[in-house]
Amino acid sequence: MSSTCKLWIALATLLAVSFAVLLWVGGEIHREMPPIPEQVVTESGQVVFTRADIETGRQVWQTTGGQQLGSVWGHGSYVAPDWTADWLHREAVDILDQWARRDYSVAGFDALGKGEQAALTARLTEMMRANTYDAGAKSVVISDDRALAISNVSAHYQSLFGNDPATAVLRENYAMKNNTVADAEHRRAMTAFYWWTAWSAVTQRPGKEITYTNNWPHEPLVGNVPPSNLFMWTVFSVLFLIAGIALLGWHYAVNHSKEEAPLQLPATDPLAKVVVTPSMKATAKYFWVVIALFLVQILLGAITAHYQVEGQEAYGFALAEYLPYSLTRTWHTQLAVLWIATAWLGMGLYIGPAISGHEPKFQALGVHVLWVCLIIIVVGSFAGQWFAVMQKLGLANNFWFGHQGWEYVDLGRFWQWFLFIGLGLWLTLVGRCLVPAIRAGGESKSITTLLFLSTVAIGLFYGAGLMWGEHTHLSMVEYWRWWVVHLWVEGFFEVFATAVIAFLFTKLGLIKTSTGTLATLFATIVFMAGGVLGTLHHLYFTGTPVAVIALGASFSALEVVPLAYVGFEAYHTFKLGHATPWMQRYKWPILFFVAVAFWNLVGAGLFGFLINPPLPLYYMQGLNLTPLHGHTALFGVYGMLGIGLMLFCLRGMKPEAIWPEAPLRTCFWALNIGLVGMALFTLLPIGVLQLIAAIDHGYWFARSADFMQQPIIEMLVWMRVPGDTIFSVGAFALAWFVLRLWIAPRKSVVAEVAADSAR
């Protein structure tokens with residue numbers, strides 16, 4: 001059996017086992033997720049909340065932007081508080097103040113001595129952590145003291161989400177517009193949902209000493225401290241990481257100990273002989289959209305960041321009344337996925353005919369139709385989200401046409417289905433080009449097959465975002481949401497890119513096809529070994545059982561291993577860019593691939609492993625160390641890769657054009673330097689300060705207005721301006737370069753004659 005066949009069998013076995021375990025974990029989450037009571041009643045029989053209140057409250061929360069305005073269970077945005085932790089702390093303090101006034105006749109809990117405080121805290125911990133859910137009656141029974149505290153905290157939230165002058169300063173600090181929820185009954189219902197998330201976070205699982213959210217968030221007043229399993233699995237994750245990198249290093253050393261005979265490099269660019277078909281030319285408009293969406297995303301990012309300084313205004317203009325923070329952040333994060341995905345989709349449509357060498361019937365028409373669908377989805381979904389956040393759509397229509405409230409999967413269900421159908425069209429268009437090439441066989445069959453299978457996965461796995469309904473349990477929504485965010489974006493797009501790059505290098509004659517095939521299959525196996533079950537590291541504290549922590553910690557550590565492999569290959573890739581004079585045509589795409597390797601190691605690897613093990617994530621989830629990883633991994637890896645792939649396509653579309661060095665040099669260095677600036681001058685130091693606060697005082701404090709409005713935090717936010725400005729210069733340089741390719745490009749006479757001869 002050949003090495004290629006063995007690798008294919010290994011890959012198929014790995015994926016089958018990994019997804020079987022992932023689906024089993026989903027069943028366990030469904031079995032052990034925190035219950036939603038039919039009613040919450042006091043010991044004296046008073047009904048506090050009903051299930052209808054909780055479910056309606058979640059719908060209202062989603063219309064406000066959901067995870068784009070503060071966070072729940074640690075997932076969401078970072079300016080407003082985590083509502084779970086905030087509610088839990090406020091409820092605990094209110095009960096302690098009640099007891100201090102009643103039992104000790106003092107003004108409040110803070111007026112007591114340490115001994116009295118310790119006694120009341122122990123009493124509070126016992127009461128709050130006790131699981132009083134009656135499975136038969138499907139009800140939760142609480143004390144009258146707790147009911148009073150709930151009423152008081154609920155009144156605070158109803159004031160905050162309304163237009164009450166008493167909470168105006170806090171609204172501004174949280175970057176909330178006035179009347180975030182205009183309807184009073186909706187505000188009351190939303191507090192029921194916030195209470196339920198806090199109840200899940202403090203209530204112990206039946207027969208266990210940990211809460212439904214594994215003792216998250218850190219709240220010393222109620223005994224929420226890291227359980228022992230977090231320590232144990234964090235140690236194991238480090239051991240897995242060390243062992244994985246050691247094995248990979250050994251494998252790399254063994255397989256590269258003998259230098260291969262140098263290749264006889266082609267005298268001219270082999271890709272210059274590729275005939276650019278009408279459908280390949282039609283993909284140009286996809287890359288124009290990429291540039292437009294990228295620029296708009298940067299603008300929205302600047303507005304979103306500025307809201308941290310002026311919570312409702314932009315230099316005196318009441319921007320929040322027309323474009324609230326939750327909406328600008330929604331569009332900013334959504335555009336990040338959309339423009340990167342568009343670049344990769346355009347690459348797939350371009351590379352398909354280039355591989356097969358023929359143009360299927362009506363291929364160009366399909367490319368045009370898909371582009372129109374993309375524009376409709378962007379405009380339609382964004383309009384629906386504006387109407388939702390501005391409270392103009394109503395609860396009945398929000399789920400289908402408005403804002404679902406889930407970070408990165410914010411689109412209304414109608415637009416999700418539209419996008420899923422669009423991806424099916426893309427899969428069809430690319431597949432009808434790749435399948436004939438696979439049937440034809442040849443040395444490149446395995447790479448082409450892997451490229452096709454990754455295309456199938458990209459087309460189908462977005463369907464995970466359709467697996468939940470409007471009232472599906474929060475734990476199950478998070479489970480399926482991360483299938484989309486992690487598996488779809490970080491998993492199968494990664495395989496697609498690996499196969500595309502291998503195909504390009506083999507066609508350029510820079511590496512042997514057999515070598516490229518084995519390397520691609522091996523890299524895919526290494527990526528998928530940690531990538532599939534590594535999804536679970538996002539779910540440690542979302543109402544999931546301990547098995548999620550064990551599997552997530554182990555396999556998320558393995559996610560870092562292939563990033564070391566990418567680092568090994570980075571210098572080799574850079575050398576390929578200097579292998580022959582005509583490779584200067586591909587200098588900048590190659591350099592962007594090298595940048596991808598760098599940010600893989602730093603953004604995805606270093607900053608990713610900083611927050612992924614269970615114990616660090618217990619304190620860091622939802623702090624600014626999370627967007628530190630998010631920015632450097634999402635743009636640094638996938639954004640840079642999207643730009644590199646786009647430049648490869650543009651090189652093929654405009655073979656006769658002379659590429660000006662200045663805008664590309666400016667683009668490359670400005671994007672990288674700007675990303676370093678925003679990471680090191682703002683996100684990292686704020687995240688570290690928040691981490692210290694979360695450990696010392698509790699998670700609620702690290703996200704509170706008292707902490708986030710300190711002068712040092714405001715100064716660090718302003719320090720982001722230089723990095724953001726440099727980054728923006730790079731984006732505009734890229735836009736100028738692409739514009740010049742179609743408007744008054746400089747042409748090489750020699751290249752034009754050579755291209756004509758090749759045709």
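Atoms considered below: every heavy atom in the structure, side chains included; atoms not considered: hydrogens, waters and symmetry mates.
Side-chain contact check for V48 versus W195: every heavy-atom pair is 4.5 Å or farther apart.
The local environment of OH in Y133 is crowded, with over 12 non-hydrogen atoms from other residues, nucleotides or ligands closer than 6.0 Å. Within 6.0 Å of the CZ atom in F681, the count of heavy atoms belonging to other residues, nucleotides or ligands does not exceed 12. When the shell of 6.0 Å around CD of Q710 is examined, it contains more than 12 heavy atoms from other residues, nucleotides or ligands. When the shell of 6.0 Å around CD of Q709 is examined, it contains more than 12 heavy atoms from other residues, nucleotides or ligands.
One finds a salt bridge joining E407 and R329 here, because a Lys/Arg side-chain nitrogen approaches an Asp/Glu carboxylate oxygen to under 4.0 Å. A salt bridge links D103 to R123: at least one charged side-chain nitrogen sits closer than 4.0 Å to a carboxylate oxygen. For the pair R188 and E185, the salt-bridge criterion is met [side-chain N within less than 4.0 Å of a carboxylate O].
How far CH2 of W87 is from OG of S154: 5.0 Å, rounded to the nearest 0.5 Å. Taking OG1 of T211 as the start and CD of Q204 as the end, the distance is 8.0 Å to the nearest 0.5 Å. The line from OG1 of T632 to CZ of F607 is 5.5 Å long, rounded to the nearest 0.5 Å. Rounding to the nearest 0.5 Å places CG of L683 at 10.0 Å from CD of Q690. The CD1 atom of I54 lies 8.5 Å from the CH2 atom of W199; values are rounded to the nearest 0.5 Å.
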Applying ring pair (Phe, Tyr, Trp, His ring centres under 6.0 Å), run through H75 and W216 and close with a yes or a no. CA-CA 12 Å; H75 291 293; W216 188 94; 8.3 Å; no
List the steps and the verdict of side chain to side chain donor-acceptor pair (under 3.5 Å) for R90 and N152. CA-CA 9 Å; R90 289 179 183 276; N152 293 336; over 6 Å; no
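Evaluated for a ring-ring contact (aromatic ring centres under 6.0 Å, His included) with H473, the options W196, W480, W468 yield exactly one hit, W196. Of the candidates W73, F193, F161, W83 forms a ring-ring contact (aromatic ring centres under 6.0 Å, His included) with just one, namely F161.
In this structure, N215 contributes its side chain and I210 its backbone to no donor-acceptor pair below 3.5 Å. The closest donor-acceptor contact from the side chain of W386 to the backbone of Y322 lies under 3.5 Å.
Between W482 and H538, the ring planes are parallel. Angles under 30° get that label, and only those over 60° would be called perpendicular. Note: F701 and H697 have perpendicular aromatic rings, judged against thresholds of 30 and 60 degrees for the angle between ring planes.
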